[in-house]
Enquirer: 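The structure that follows is given in the form of structure tokens.
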Amino acid sequence: MEHQKVRVRFAPSPTGGLHLGGVRTVLFNYLFARKHKGDFVLRIEDTDQTRYVEGAEEYILECLRWCGLNADEGPHVGGPYAPYRQSERKELYRQYAEQLVKDGYAYYAFDTPEELDEMRTRLKTEENPSPQYNHIVRAHMRNSLRLLPEETAALLATGTPHVIRIKMPANEEISFTDMIRGDVQFNTGTVDDKVLLKADGMPTYHLAVVVDDYLMKISHAFRGEEWLPSAPVHIMLWRYLGWQNHMPQWAHLPLILRPDGNGKLSKRDGDRLGFPVYAMNWKDPRTGDFTKGFREMGYLPEAFVNMLAMLGWNDGTEQELFTIEELIEKFSMERVHHAGAKFNIEKANWFNHQYIVKADNQRLAQLFMPVLKEKGVQASEEYVATIVGMVKERCNLVNEIWDHGFFFFQQPENYDLSPVKPKWNADKRQFFLDWASVLETLSDFSLHSVEESFKQLATSMNIKVGELQLPFRIMLCGGKFGPPVFNIAETLGKHETIARIMKALTLLDA
RNA sequence: GCCGCGUUGGUCAAGGGGUUAAGACGCAUCCCUUUCACGGAUGAAUCACGGGUUCGAUUCCCGUACGCGGUACCA
């Protein structure tokens with residue numbers, strides 16, 4: 001057990017877009033696996049046929065690919081423990097459930113959904129709003145524990161729909177050591193007899209996770225904190241199946257909470273507060289609902305991953321920016337924070353900004369091309385890359401390159417003349433008229449010669465250079481923004497610069 | 001209700017019996033820059049509460065409060 005190879009798994013159910021909390025779970029699995037030279041398995045938990053969503057599995061795969069957190073084994077690449085889709089393993093689970101029945105650790109239950117409903121409403125009180133199918137209640141239900149063996153046999157023989165439930169001990173203290181929280185204790189009496197095998201023959205999560213973790217030789221199982229309450233069921237299953245010595249070590253990850261108030265972060269919070277929650281764009285094929293993702297919003301995958309790593313984990317130093325290699329080297333489950341973390345989009349933007357500034361201009365240009373295309377702008381990647389170099393310092397998102405540099409691609413449509421108008425006069429007007437003709441004669445339209453001629457003329461006309469720079473900026477950009485103004489002129493080129501001066505002059509005359 | 005897990009500035013968080021209780025994001029002011037941003041400086045802002053234990057608790061123990069999660073033939 002101790003010397004067993006590290007094998008971890010991410011086990012999503014393909015029911016929709018991949019939540020940022022899901023990606024963080026992937027990340028922690030991935031880091032742990034890489035650090036310990038182990039395997040990272042992707043297993044699709046599609047045991048609920050009613051919740052299956054077309055395209056969700058491919059979407060998850062694509063998210064992992066985008067983040068660079070690919071699995072070593074999974075439905076997409078196969079592996080020694082295939083198949084990796086639980087629906088394709090369906091036949092496997094029944095024998096274990098039957099085995100448990102045979103050994104007296106589980107039982108058949110024939111209660112119909114209506115009967116269960118009836119039981120719950122009948123037993124429901126203010127003191128007990130959610131009655132459980134537990135060690136007391138089971139004695140009064142239609143199951144093989146209460147029925148005579150002949151009755152059970154008859155029901156089975158006639159193909160009566162039934163489930164198999166675990167028989168939880170009435171009162172037993174059990175505990176396990178969580179890698180993050182340390183010892184956690186439960187009493188089995190407080191947990192109900194969970195269904196293990198559904199009437200349709202599919203296992204529930206509880207059975208499938210134990211069987212598959214065993215069969216796939218999973219050494220460490222990481223999942224969200226919302227699973228902590230069902231840990232006792234899983235512990236009992238590992239015992240009852242006789243695999244106790246193979247049980248993986250568990251870590252229950254803290255939840256990612258919504259920024260305002262408390263509670264698990266959901267897609268809805270993102271819609272409401274205007275930030276992405278899913279890794280990539282997701283369109284629900286059933287409802288047609290469309291949700292924006294981090295990727296399409298202009299986040300860089302390495303920034304996204306770095307940001308996620310810091311949500312609930314740190315290495316104990318002041319370092320916040322980590323390459324994936326550093327994360328692999330430094331990650332440890334013991335340093336994961338115990339409490340949930342509120343998601344903060346501002347901080348996420350800061351991370352992205354850090355990575356944008358560092359990123360290669362060519363690469364950013366490529367990422368930005370689709371946005372440009374959307375705006376109906378034609379430009380060479382080369383040209384875009386130089387623009388990127390000038391504006392990326394002030395961008396948090398790749399898509400913001402447009403906001404900070406649109407005037408490189410088209411003449412401004414709107415001009416904010418208000419900072420110029422009050423101090424505008426005939427001298428200044430004359431300056432720009434004269435300067436335009438000076439520019440016309442310039443053989444070298446470089447940053448320095450443009451700036452030089454600007455300053456020379458201003459001095460000779462006895463106007464402060466500073467008084468003219470802002471007007472010039474607005475002539476080129478349309479407002480008080482953008483990189484250094486002579487850089488803009490140089491990039492725009494002689495023809496366009498003069499054209500913009502002349503156009504703005506007519507606007508100022510109006 | 002019951003069970004479980006949590007609680008250090010607005011947010012992410014380090015620390016762990018004696019500290020001026022780090023750092024980052026955000027915010028504010030200033031410097032740089034005659035735009036904005038970057039950068040630099042400064043500042044406001046924190047140990048949920050009550051009992052123990054102790055010479056001394058933010059740190060250990062016990063309660064309380066609050067928050068979250070679970071309580072499905074969903075995962």
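Because the structure is predicted, anything quoted here is derived from the model rather than measured. Chain A is the first sequence line, chain B the second, and so forth, proteins listed ahead of strands; every chain is numbered from 1.
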Enquirer: Indicate, with a heavy-atom threshold strictly under 4.0 Å, whether A:Gly312 touches base, sugar-phosphate, or nothing.
Expert: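 A:Gly312: backbone/sugar contact only, no base atoms under 4.0 Å.
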
Enquirer: Classify the nucleic acid contact of A:Pro484 as base, sugar-phosphate or nothing, counting any heavy atom under 4.0 Å across all strands shown.
Expert: base

Enquirer: Quick one: are the ring centres of A:His140 and A:Tyr133 less than 6.0 Å apart?
Expert: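 When the ring centroids of A:His140 and A:Tyr133 are compared, they turn out to be at least 6.0 Å apart.
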
Enquirer: If you pin A:Arg120 and A:His404 to their nearest nucleotides in RNA chain B, which one's is more 5'?
Expert: A:His404

Enquirer: Are any of A:His353's side-chain N or O atoms less than 4.0 Å away from OP1 or OP2 of B:A37?
Expert: no

Enquirer: Using the ring centroid of each side chain, check whether A:Tyr278 and A:Phe294 are separated by less than 6.0 Å.
Expert: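 No, too far apart.
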
Enquirer: Under 4.0 Å, heavy atoms only, any strand: does A:Thr47 hit a base, just the sugar-phosphate, or nothing?
Expert: sugar-phosphate

Enquirer: Rounded to whole Å, please give me the gap between CD in A:Gln319 and P in B:C12.
Expert: 21 Å

Enquirer: Is the A:Phe432 ring parallel, tilted or perpendicular to the A:Phe472 ring (thresholds 30°, 60°)?
Expert: tilted

Enquirer: If you check every side-chain atom of A:Val195, which of B:C73, B:C36, B:A14 has the closest atom?
Expert: B:C73

Enquirer: Which nucleotide, B:U71, B:C73, B:A14, lies nearest any side-chain atom of A:Asn314?
Expert: B:A14

Enquirer: Write down the distance separating the C1' atoms in B:C27 and B:A45, rounded off to the nearest Å.
Expert: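 Approximately 10 Å lies between the C1' atom of B:C27 and that of B:A45.
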
Enquirer: Identify which nucleotide among B:C73, B:C3, B:U71 has an atom closest to any side-chain atom of A:Asp192, counting heavy atoms from C-beta outward.
Expert: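 The answer is B:U71.
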
Enquirer: Dot-bracket for RNA chain B, please, read 5' to 3', with Watson-Crick or G-U wobble pairs under 3.5 Å on both distances, ( ) within the strand, [ ] crossing, | other strand, . unpaired.
Expert: (((((((..(((.....[....))).(((((.......)))))....(((((..]....))))))))))))....

Enquirer: Applying side chain to side chain donor-acceptor pair (under 3.5 Å) between A:Asp193 and each of A:Arg165, A:Arg138, A:Gln132, report the one that passes.
Expert: A:Arg138

Enquirer: Identify which nucleotide among B:U7, B:A24, B:U71 has an atom closest to any side-chain atom of A:Ala339, counting heavy atoms from C-beta outward.
Expert: B:U7

Enquirer: Judged by each residue's nearest nucleotide on RNA chain B, which is more toward the 5′ side, A:Lys480 or A:Lys264?
Expert: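 Its nucleotide being nearer the 5' end, the pick is A:Lys480.
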
Enquirer: What residue among A:Tyr355, A:Trp313, A:Phe351 forms ring pair (Phe, Tyr, Trp, His ring centres under 6.0 Å) with A:Phe322?
Expert: A:Trp313

Enquirer: Check this for me: does the side-chain of A:Lys347 come within 3.5 Å of the base of B:A24 through a donor and an acceptor?
Expert: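 Indeed, a donor on one side and an acceptor on the other fall under 3.5 Å apart.
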
Enquirer: Remember a base hit wins even if backbone is also touched, and classify A:Ala341 as base, sugar-phosphate or nothing at under 4.0 Å, heavy atoms.
Expert: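 Sugar-phosphate only.
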
Enquirer: If you check the A:Pro113 side chain, which of B:G69, B:C73, B:U71 turns out closest?
Expert: B:C73

Enquirer: For atom C1', what is the distance between B:U7 and B:U64, given to the nearest Å?
Expert: 13 Å

Enquirer: I want to verify a distance call: between B:A13, B:U71, B:C74, whose nearest atom is closest to the A:Ser130 side chain?
Expert: B:U71

Enquirer: What nucleotide, of B:C5, B:A14, B:C3, holds the atom closest to the side chain of A:Phe186?
Expert: B:C3

Enquirer: Please measure how far the P atom in B:C12 lies from the corresponding atom in B:C68, and state the result in whole Å.
Expert: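 So the two P atoms sit 14 Å from each other.
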
Enquirer: How about A:Phe222 and A:Phe28: are their ring centroids closer than 6.0 Å?
Expert: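 A:Phe222 vs A:Phe28: aromatic centres not under 6.0 Å.
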
Enquirer: Look at the side-chain N and O atoms of A:Asn344 and state whether any lies under 4.0 Å from the OP1 or OP2 oxygen of B:C12.
Expert: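 It does not, given that no N or O in the side chain of A:Asn344 lies less than 4.0 Å from OP1 or OP2 of B:C12.
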
Enquirer: Just to be sure I understand the rule, does A:Gln185 reach a base, reach only the sugar-phosphate, or reach nothing, if contact means heavy atoms closer than 4.0 Å?
Expert: sugar-phosphate

Enquirer: To the side chain of A:Arg51, which of B:C74, B:C73, B:U35 is closest?
Expert: B:C74

Enquirer: Closer than 4.0 Å, any side-chain N/O of A:Lys392 to the OP1 or OP2 of B:C38?
Expert: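 False: A:Lys392 side-chain N/O out of range (4.0 Å or more) of B:C38 OP1/OP2.
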
Enquirer: Could you point out which residue of A:Asp46, A:Asp212, A:Asp48 forms a side chain to side chain donor-acceptor pair (under 3.5 Å) with A:Gln86?
Expert: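 When side chain to side chain donor-acceptor pair (under 3.5 Å) is applied between A:Gln86 and each of A:Asp46, A:Asp212, A:Asp48, only A:Asp212 qualifies.
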
Enquirer: Do A:Asn187 and A:Thr190 pair up side chain to side chain, a donor and an acceptor below 3.5 Å, judged on atom types alone?
Expert: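 No, no side-chain donor-acceptor contact under 3.5 Å.
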
Enquirer: How many angstroms lie between atom CG of A:Leu364 and atom CD1 of A:Ile387, to the nearest 0.5 angstrom?
Expert: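 It comes to 13.0 Å.
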
Enquirer: Please measure how far the C1' atom in B:A24 lies from the corresponding atom in B:G67, and state the result in whole Å.
Expert: 25 Å

Enquirer: Could you tell me how far B:G10 sits from B:G52 if I compare only their C1' atoms? Round to whole Å.
Expert: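 Approximately 33 Å lies between the C1' atom of B:G52 and that of B:G10.
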
Enquirer: Does a salt bridge link A:Arg120 with A:Asp117, judged by any charged N lying under 4.0 Å from a carboxylate O?
Expert: no

Enquirer: Taking the same atom, C1', in B:A28 and in B:A65, what whole-Å distance lies between them?
Expert: 34 Å

Enquirer: So if I take every side-chain heavy atom of A:Lys342 and compare against B:A14, B:U11, B:C73, which nucleotide ends up nearest?
Expert: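 The answer is B:U11, which lies nearest to the side chain.
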
Enquirer: Say you pick atom C1' in B:U46 and the same atom in B:G51; how far apart are they, in whole Å?
Expert: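 About 23 Å, rounded to a whole number of Å.
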
Enquirer: What interatomic distance, in whole Å, is found between C1' of B:G39 and the corresponding atom of B:C32?
Expert: 8 Å

Enquirer: Taking only the side-chain nitrogens and oxygens of A:Arg335, find out if one of them lies under 4.0 Å from OP1 or OP2 of B:G15.
Expert: yes

Enquirer: Check this one for me: any side-chain N or O of A:Lys198 less than 4.0 Å away from OP1 or OP2 of B:A75?
Expert: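 Yes.
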
Enquirer: Taking any heavy-atom pair under 4.0 Å as a contact, classify A:Leu255: base, sugar-phosphate, or nothing.
Expert: sugar-phosphate

